[in-house]
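Heads up, the thing below is written out as structure tokens.
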Number of protein chains: 2
Amino acid sequence: MTEDPAPVDAPERPPRTMSRDARRVQLIEATIHTIAAQGLAWTTLTQVARRAGLSHGLILWHFETKENLFRETLSYLAEEYHLNWQVALAAAGPHPADQLRAMMAADFNAPIIEPGRLAAWCAFWGEAQSRPLYQQVCGDKDDAYIRQLERICAALTPPAGTALDPVLAGRMLRLVVQGTWLDMMTTAPTYSVAEAQRTVEAALAMCFPDYFAAAPTAERPAPTPAG
Amino acid sequence: MTEDPAPVDAPERPPRTMSRDARRVQLIEATIHTIAAQGLAWTTLTQVARRAGLSHGLILWHFETKENLFRETLSYLAEEYHLNWQVALAAAGPHPADQLRAMMAADFNAPIIEPGRLAAWCAFWGEAQSRPLYQQVCGDKDDAYIRQLERICAALTPPAGTALDPVLAGRMLRLVVQGTWLDMMTTAPTYSVAEAQRTVEAALAMCFPDYFAAAPTAERPAPTPAG
DNA sequence: AAACTGATTGACAGACCAGTCAATCAAAGG
DNA sequence: CCTTTGATTGACTGGTCTGTCAATCAGTTT
């Protein structure tokens, strides 16, 4: 038994010591879920460690400080979100309407709107005003998202001056998505994802009626389909 | 000196001992501003007390527990918000379009969007998922606001089935307002109130073009006014 | 003016938590 | 087999915070 009787190539159970990156991701995931369960304020290193099945000293070995653990957690979420819409955009067709639809749909991809993640986002927003953390970590990526939306909206806006300003259109679409996220957190009977998506589709139809069909009514089936 | 040499009717300086209600309001205001400055998580009783120029023991005398201080602070904000839109609604004309405009405008009244208050709201939203506090305190009032908006939107929606569903319209308008609030907190160069209002006006024009004029473009002046 | 009542203070206790550190453990290399 | 290096643990420390409480203070009543 001094030598391994069989090679343990298959990663069936996690090894006692992990690679630096893998362990960091594990701890970040534990942090996200602890924040979702306890709230950012009441998240302690010991709780995160317990959820990961590790000691709290290890967190400080990997992240040096609690503040830094939070910074890297937010950065991880921001990167995940950024990649999510960029991949969706790259996979969409060349028409701006398809691209816009893809970006909006991406915001409701299952891994993105997992309750734990939404809760963590909300918790970080709540601290955005009083601590510079949010701006430092997410400022650039938020800007990139906003500018991309505006660019697509501009491409959908006819050159004549009567239509909706693309900056306003982009902002409104972003606010509706962001707002439905917040709704899913703060309203009592967590509202269905389908309902949230229907709201976004309605917003798209309102902003660019030439490219998007009007959504049906919210609850009851539409009495007569409109051509 | 055993008797007051002059009646101190004029409330020039606050008396050492205040009426229960006045003291509670003073402490709640101090709590709001401490939350805005430090964040909900890092708000301590001693900091709130110092801001009010009182001792931290007094907070516990009036509110029994820190959790309860937060509950009453949120309740105070919710009541203030609720009264604000109800007063605006009562002062508006009988036409639903005027009422809708009044409600939207009320959400940008100076005392409501004071930075300290917005920051406090965001902080409480951030905790809404993990702690039942928000739902307990604001659930009913949020519902009342939503139902009122839907009622007005329904009154503006023609009976024919082709128009935007009033539930979706009301929700979208609410999301845009809520979203601009969040934007004012999380985006770097705190965006101007005028810009936020213009966004809301654009949303109104999109939802009910028969009643609301399209807003001008976001930054540059509109090249030609559209009839 | 003495007694009384409610408001206010500040010292204190108990609990908890972030961060330090020495010891232990596991994998890899010589 | 021994050494080295990096990962991991858990006890410990210093500090902070909430909540308690006895003492004090300021009005009000007797």
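Letters go in sequence order (proteins before strands), and every chain restarts at 1. What you see is a predicted model; the values in this text were computed from it and never measured.
Salt-bridge formation is not detected for the pair A/Arg174/A/Glu150: no Lys NZ or Arg NE/NH1/NH2 atom is positioned less than 4.0 Å from an Asp or Glu carboxylate oxygen.
Figure legend: B/Arg117 and B/Trp181 shown without cation-pi pairing, the cationic atom not lying both under 6.0 angstrom from the six-membered ring centre and within 45 degrees of its axis. Both the sub-6.0 Å distance and the 45° axial angle are satisfied by A/Arg131 relative to the ring of B/Trp42.
A distance-only check finds no donor-acceptor pair linking the side chain of A/His62 to the backbone of A/Leu58 [under 3.5 Å].
Rounded to whole Å, the distance from CZ on A/Arg23 to P on C/dA27 is 12 Å. The separation between B/Gln26 atom CD and C/dA7 atom P is 14 Å, rounded to whole Å. When the P atom of C/dT8 is taken as reference, atom CZ of B/Arg24 falls 12 Å away, rounded to whole Å. Put simply, CZ on B/Arg50 is 15 Å from C1' on C/dT9, counting in whole angstrom units. If you take CH2 of B/Trp42 and C1' of D/dT18, they are 18 Å apart, rounded to a whole angstrom. With rounding to whole Å, A/Leu54 atom CG is found 10 Å from D/dG10 atom P. In this entry the distance linking CD of B/Gln38 with P of D/dC17 reads 10 Å, nearest Å.
B/Arg50 CZ: 12 or fewer foreign heavy atoms inside a 6.0 Å radius.
Checking D/dG10, C/dT9, C/dA18 against the side-chain heavy atoms of A/Ser55 singles out D/dG10 as nearest.
B/Tyr145 pairs by the ring pair (Phe, Tyr, Trp, His ring centres under 6.0 Å) definition with B/Tyr81, B/Trp85, not counting sequence neighbours.
Of the residues in residues 58-73 of chain B, those with a non-hydrogen atom less than 4.0 angstrom from any atom of DNA chain D are B/Leu60, B/Thr65, B/Lys66.
Contact annotation: A/Arg20 side-chain N/O to D/dA7 OP1/OP2 distance is under 4.0 Å.
Scanning atom types as modelled, no donor and acceptor separated by under 3.5 angstrom connect the side chain of A/His56 and the base of D/dG10.
In this structure, a donor-acceptor pair under 3.5 Å is present between the side chains of B/Gln136 and B/Arg71.
Nucleic acid contact class of A/Thr44 (heavy atoms, under 4.0 Å, all strands): sugar-phosphate only.
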